[in-house]
Structure formats: C-alpha cells, structure tokens
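Predicted model only: the values in this text are computed from it and were never measured. Every chain is numbered from 1, with letters handed out A, B, ... down the list of sequences.
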2 protein chains.
Amino acid sequence: MSSASSREPVMADVARLAGVSHQTVSRVLNSHPNVKPATRTRVLVAIEELGYRRNSSARALVTRRTSVIGVVAFDLTLYGPARTLAGIEQAARAQGYFLSMVGLQGVTREAMREAMDYLAQQSAEGCIVIAPQRIVVDALAELAFPLPVVAVEGGEAPGLPVVCVDQRGGARDVVRHLLAQGRHRTVHHLAGPLGWLEAEGRVLGWRQALEEAGRPVPEPVYGDWSSRSGYTLGAQLAADPDVSALFVANDQMALGVLRALAEAGRRVPEDVSVAGFDDIPEAEFFTPPLTTVFQDFAEVGRRSINLLLDRIEAPRSTEPPASDIVPARLIARASAP
Amino acid sequence: MSSASSREPVMADVARLAGVSHQTVSRVLNSHPNVKPATRTRVLVAIEELGYRRNSSARALVTRRTSVIGVVAFDLTLYGPARTLAGIEQAARAQGYFLSMVGLQGVTREAMREAMDYLAQQSAEGCIVIAPQRIVVDALAELAFPLPVVAVEGGEAPGLPVVCVDQRGGARDVVRHLLAQGRHRTVHHLAGPLGWLEAEGRVLGWRQALEEAGRPVPEPVYGDWSSRSGYTLGAQLAADPDVSALFVANDQMALGVLRALAEAGRRVPEDVSVAGFDDIPEAEFFTPPLTTVFQDFAEVGRRSINLLLDRIEAPRSTEPPASDIVPARLIARASAP
DNA sequence: AGCTACATTGTTAGCGCTAACACAATGGGG
DNA sequence: CCCCATTGTGTTAGCGCTAACAATGTAGCT
C-alpha cells in the first residue's frame with residue numbers, strides 16, 4: 001500500500017509515479033477511450049501503490065455534478081418509509097449516486113422549504129420526498145424548487161412525478177375478500193388520519209368496493225396509525241353489534257383493534273372479521289394472524305430512483321411528469337380467512 | 001427574488017451588485033469580524049436579490065472540509081436502528097453537518113470495507129456505524145479506516161468509541177422485577193441471535209441477576225429477533241412446565257411468544273410472566289400489554305454525533321476512545337406486573 | 001516521399017471559493 | 001504633526017480536478 005505521507009496523494013502524485021501527465025490519469029479514471037493499455041496499467045498500478053482516491057469536491061466543482069441525491073423523510077419508524085428508504089438506498093448506490101438524508105421537522109410548508117434549502121445547500125442533484133401527507137405533496141406541487149423532485153407514496157398529484165403503491169386497488173381487494181365470505185352485510189372501516197394520501201386512497205377503494213356490490217357504506221372512523229388509536233376506536237366499534245367485518249387502514253391499528261375486540265369478548269374471525277394493510281413482519285403473529293395487504297416498498301424505492309434519474313438526465317423535459325403505480329397484494333390469514 | 005439568468009449567480013456577481021470585492025462577500029458569509037455593518041447589509045441585500053447560494057464543492061475544495069458525516073446501517077426496519085438514525089439526523093443537522101446514508105449489504109468484513117470506501121469516496125469527515133453485530137464491531141476495530149468512526153449499539157469494544165444503551169443493566173432490572181413477584185423459581189430467557197452484541201449484553205444481565213439471587217440458570221434459547229422465531233421457540237417453551245417466567249430479548253419475539261403461549265393454553269401473566277425489551281410503540285397493545293425495557297435511541301443518536309464530532313475536531317487525539325452508555329428503563333405492564 | 005487520418009499524450013485554462021498578504025483609511029498618543 | 005496600531009477592504013494565488021486544444025507519433029495510402 002502507501003507509505004505514510006504528510007498529505008493525501010493527488011492526481012499529480014500518481015502521474016509522476018506512472019511517468020505520465022495528470023490528464024492521462026484523469027482519462028484512466030474516467031474510462032476515456034484513447035489510452036494505450038500499457039499506460040492504463042501503469043497508471044492503475046500507481047494509483048494502487050499510493051492508495052490514491054479522487055477528490056470528489058474538485059471533481060464536482062468542475063463537472064457541476066455532485067452525484068448527491070437527497071431523501072426527505074418524515075418518520076422513519078413507520079414501516080413503509082423505512083422499507084422504502086432501504087430500496088432507494090440500494091438503487092441509488094447501484095447507479096453511482098450518494099444519498100443524503102434529511103428529516104422533516106414537521107408537516108408544514110415551512111419545514112418542507114427548509115429541507116429543500118438544506119439539500120440545495122449541498123448541491124444535491126435531485127430529491128425524493130417520502131411524505132405521505134396531502135399538505136406535503138401540495139407544498140411540493142406549488143413551490144417551485146431548485147431541483148428535480150419525485151414524491152413517494154403521494155397518491156396522484158397534479159404536476160408532480162409520483163411513485164406509489166396502488167392503495168385503492170389493495171383496499172378494493174380486501175373489501176371484496178371480506179364480502180366474498182358471504183356472511184357480512186357490509187364492511188366497516190377504521191381509516192388512517194385525514195390528510196394522509198394513503199389513508200384517503202384506502203377509503204376510496206373501500207367505498208368503491210362496497211358501492212360496486214351495492215352494500216351500505218357506513219361512516220368511516222379515523223385513527224392516527226398507532227396501535228393506541230386502534231385500541232381506543234376498536235373498543236367503540238366492538239360495542240356496535242352491526243360491525244361484523246372491519247377493514248383497518250394499517251396493521252399497527254389492527255393490532256389495537258384485535259386487543260379491543262378480545263377485551264369486548266368478540267371473537268376474531270368467528271364474530272368479527274378483521275383485515276389490515278401493510279403486511280408488517282409481525283402481522284403473521286398477531287392473535288389471530290392478520291389478513292392484510294402487502295406493499296412492495298423495495299420496488300417503490302427502485303422506481304422512484306429511476307424516475308428521478310430520468311428527470312435529472314433530461315432537465316427541461318417538456319413531457320408531463322410520469323407517475324408509477326406499484327400493485328398491492330392481498331395476504332389472506334386467519335383474521336379474515 | 002432573482003431574474004431568470006442563464007447560470008446560477010456566483011460570488012463575483014454578488015460582489016459586483018454590492019460594489020465590493022468577492023472576498024468581502026466571502027467574509028460576510030463566514031461571519032468574519034472586520035466588516036463594516038453598512039457593507040455587510042449591502043452584501044446581504046445583494047445575496048437576497050440574486051438568490052445566491054454558496055457553492056459547496058468549491059468551498060469544500062479549499063477548506064478541505066465537506067461537512068458530510070456518513071451513517072452505515074444494516075437494517076432500518078428494525079426499531080432501534082430507525083430510531084437511532086432519526087436521533088443522529090437531528091443532532092447532525094443542528095451542528096451543521098450533512099448526513100450520507102449507506103446500507104450494509106451483508107454482515108461481513110467485506111461489506112464493511114465497501115461501505116467505508118464508498119464514504120471515503122465522498123470525502124465524508126467521519127462515520128457512525130449502526131451495526132449491533134459482533135463481527136462488524138470487530139471488523140471496525142481491526143481495519144484501520146481513513147476516517148474517524150463511532151459505533152452505535154456496539155456493546156463494549158476494544159479501541160473503538162462506542163455509544164450504546166445499558167443492555168446489561170436493563171436485563172438485570174427485568175429479571176429482578178420478575179423475581180420480585182416472588183412466585184418464580186427462576187427466569188428463562190429467549191435470547192437474541194448469537195453474534196449480536198445487544199443479545200449478548202442481555203444474556204449477561206439476565207445471568208448476573210439470577211446468580212446474584214442464587215437462582216438456577218437455565219440454558220437460554222436463541223431466536224433471531226423475529227416474531228416468527230418467538231412463535232416457534234415460544235411453542236417449545238410453552239410445553240415446558242418449568243417455565244413460569246420468561247425474559248424475551250426483544251418485543252417482536254415476545255409477540256410471537258405471547259401467541260404461542262395463548263395457543264398452548266397458558267395464560268399470561270397468571271401461568272407465565274413474560275417480559276420483552278425495546279418498548280416498541282405496539283408493546284402496550286399486545287395481549288396482554290407487555291412489560292419491557294425502554295431504550296432512549298434519540299439520546300443515543302445525539303451522543304454518538306457528539307462523540308464523533310469530538311474526534312473530528314481533535315483528529316490525532318492520544319486519548320483512548322471514550323464510550324458512552326445510556327441507561328435503560330423498565331416499563332412494567334400487565335404481562336409481568 | 002509526402003500527405004492525411006487517427007490514436008495517444010501533454011499543456012493550458014479555468015470551475016468558485018478561501019487564505020494570506022497588501023494596502024488604504026482611521027484614530028489616538030507622543 | 002508624525003508614528004503606529006487597528007480596522008476595513010482589495011489583490012493574488014492556489015485547492016484538485018476536467019475540458020479544450022495543441023502536439024506528438026504511427027500507420028495507410030497515393
């Protein structure tokens with residue numbers, strides 16, 4: 001390897017050792033065509049010997065490309081966002097991009113602008129926003145940002161490229177599955193919080209499936225994604241004898257619901273059928289195992305990087321922003337067989 | 001704001017508009033002392049007017065500081081890492097650093113080296129590794145890396161600065177709590193996978209508490225953190241009439257255990273007391289609510305950034321690497337009251 | 001031989017910024 | 001009224017790299 005030296009080696013050091021000009025070293029590093037194989041080898045040997053690494057700042061300065069992509073996320077302890085981030089990270093790395101993380105300090109226009117400023121400060125080339133709330137998507141569509149943006153899990157948004165899972169289709173499938181049991185007059189819905197696009201999509205799908213089947217559409221109840229809210233609201237629903245099938249907007253809330261139903265003495269699935277959404281790894285081990293909807297977040301991450309890179313490579317494309325919808329998949333388990 | 005121009009404004013543009021030299025603009029931006037207030041104002045106005053933003057690459061090139069900190073994480077869908085990352089992100093931003101995410105492609109020396117190379121390529125100034133496996137910490141301690149490193153959740157590691165939660169203390173508290181009920185001869189342990197430092201710490205604390213109390217120490221059973229493994233191994237433990245108190249190494253596995261016990265007809269806590277570890281938000285809504293141990297991951301994130309920044313500011317400090325242990329807190333609930 | 005075409009390498013000029021120094025302009029103290 | 005310290009500002013020289021062009025060499029053809 002390299003002998004300890006006072007400063008990191010630079011291109012000129014490699015050039016000297018290889019007996020070429022620094023430009024030839026640059027050519028080797030950038031895979032330019034016209035370098036004699038023998039020369040290339042000498043350069044590579046010199047690089048290895050010195051443990052040389054190209055200075056990314058100098059490179060970015062002259063090429064005007066930082067290879068940095070920003071990711072803005074609101075809450076990574078939620079299953080979906082964490083999973084999506086993992087998918088994004090892998091896809092970005094595979095394409096030679098670096099990922100810069102920014103947490104959103106609150107769900108406001110102001111926080112959104114702040115996060116974007118922060119990324120612009122780093123000269124990020126583009127940005128993926130994992131923020132499933134309507135207000136964030138609206139802010140994104142309104143404010144003109146200095147860099148290309150792709151929203152993830154944003155439902156349909158006007159004038160904004162979006163990648164998301166087909167919430168509506170997933171919800172429709174669940175409700176159809178519940179109705180197909182043949183013993184429910186209708187399906188009640190414990191929805192996610194208002195203002196969340198995923199929650200809205202699931203409400204839409206649920207309603208559509210009921211209307212399609214000519215069933216009454218009860219008023220949905222709104223939780224906040226947490227098991228706690230599932231428990232509290234589940235207790236109310238458990239007290240309502242009309243409730244015999246329940247579609248809960250995510251698995252965490254469904255956990256709380258299962259608990260509330262158990263406490264109320266209503267058996268699942270004998271008395272009440274319950275279905276969730278997300279297929280978190282724990283869902284299979286709820287009491288009873290939860291029927292739910294699987295979302296391929298890794299795929300969402302991959303597609304969002306692709307969409308973003310398209311926009312980065314073709315900066316002023318006149319095409320309208322494309323959106324990309326990943327299908328959901330019903331997973332039937334004992335809570336609603 | 002700014003009028004549309006063919007290229008982004010640079011410092012010289014601001015200087016021209018403010019009628020000063022570009023160096024004065026630089027002084028204003030870097031809060032140098034000797035700038036007349038009137039001049040400073042003129043410069044700030046010009047910056048605002050042009051929508052000027054300093055080029056971070058150029059700045060990094062000359063200062064030799066990128067303000068980038070790398071975070072290497074293995075699996076962000078685990079509760080602890082996701083939480084820790086959030087803490088790190090906030091602390092880093094507050095200190096003016098950017099965060100670059102790298103996923104570890106596997107738990108090997110090779111993957112570790114690869115991740116570090118990737119960060120070195122970006123000229124990250126330092127790096128926090130969220131990797132709770134022994135092999136990763138060993139690799140970290142052995143390989144000499146080109147940048148300062150802090151490990152998180154690494155237990156005690158020789159020659160490596162580490163921030164972690166007091167696993168041992170937390171485990172000890174749980175076991176003491178279970179024994180204090182007065183109706184258990186001993187406490188069985190469903191441990192985390194071998195090779196995970198957190199798992200090892202919890203085994204140590206569990207054993208210590210039992211020995212302290214003069215109780216027999218049964219052979220621990222090893223799971224893999226997943227609810228599935230908790231369910232499978234829980235079924236075995238449920239069949240053993242000696243098992244009346246069970247300390248499970250994390251909440252996810254505890255969920256599986258609760259299910260297995262329920263299926264085996266053993267009531268919790270009447271027949272078997274169960275305790276977990278982590279205090280995931282769902283734990284309160286298990287059936288029954290789970291006694292567990294809270295870990296302050298946000299604090300862990302904060303402290304790890306502080307430790308890393310210390311090492312970055314004082315590059316060749318001769319002091320041995322400091323470690324930092326965050327206390328754990330027992331949360332008693334119905335599963336082991 | 002002489003000329004063109006092309007492959008290969010070197011030379012030069014920045015990218016946008018900060019550090020170091022140079023140079024006014026000021027303001028007491030002798 | 002000069003001297004020197006202090007304050008404010010401008011000038012210059014890079015940081016390490018790539019793009020553009022210039023300068024070789026080398027082969028193929030007439």
Verify, without hydrogens or angle tests, whether [X] (side chain) and [Y] (backbone) share a donor-acceptor contact under 3.5 angstrom.
X	Y	result
A/Q133	A/W196	no
A/T63	A/R59	yes
A/N30	A/H32	no
A/T24	A/V20	no
B/E125	B/T66	yes

#### Entry: Residues forming a side chain to side chain contact (heavy atoms under 4.5 Å, CB included) with B/D324, sequence neighbours excluded
B/V163, B/R303
#### Entry: For B/A46, side chain to side chain contact (heavy atoms under 4.5 Å, CB included) partners two or more places apart
B/V14, B/L17, B/A18
### Side-chain donor-acceptor pair present, A/S56, B/S123, cut-off under 3.5 Å
yes
### Task
Mind running a 4.0 Å heavy-atom check of residues 37-46 of chain B against DNA chain C and sending the residues that fall below it, in number order?
none
### Contact under 4.0 Å: B/N34 side-chain N or O vs D/dT7 OP1/OP2
no
### Task
Name all residues meeting the salt bridge (Lys or Arg N to Asp or Glu O under 4.0 Å) criterion together with B/D138; count only those two or more places apart in sequence or in a different chain, and write none if there are none.
none
### Query
When the distance from NZ of B/K36 to C1' of D/dT9 is rounded to whole Å, what number comes out?
10 Å
### Task
Compute the bend angle of the helix from C/dA1-D/dT30 to C/dG30-D/dC1 from the end axes (five pairs per end), rounded to 10°.
60°
What does the list of N/O pairs under 3.5 Å between the protein and nucleotides 11-18 of chain C look like, with a distance for each?
from   : atom 1 : to    : atom 2 : distance (Å)
C/dC15 : O3'    : A/R64 : NH2    : 2.8
C/dG16 : OP1    : A/R64 : NH1    : 3.4
C/dG16 : OP1    : A/R64 : NH2    : 2.7
C/dC17 : OP1    : B/Y52 : OH     : 2.2
C/dC17 : OP1    : B/N55 : N      : 3.2
C/dC17 : OP2    : B/M11 : N      : 2.6
C/dT18 : OP1    : B/N30 : ND2    : 3.2
C/dT18 : OP1    : B/R54 : NH1    : 3.2
C/dT18 : OP1    : B/R59 : NH1    : 2.9
C/dT18 : OP2    : B/S26 : OG     : 2.7
C/dT18 : O4     : B/H22 : NE2    : 3.1

### Query
Once you round to the nearest 0.5 Å, how far does CZ of A/F74 lie from CD of A/Q105?
9.5 Å
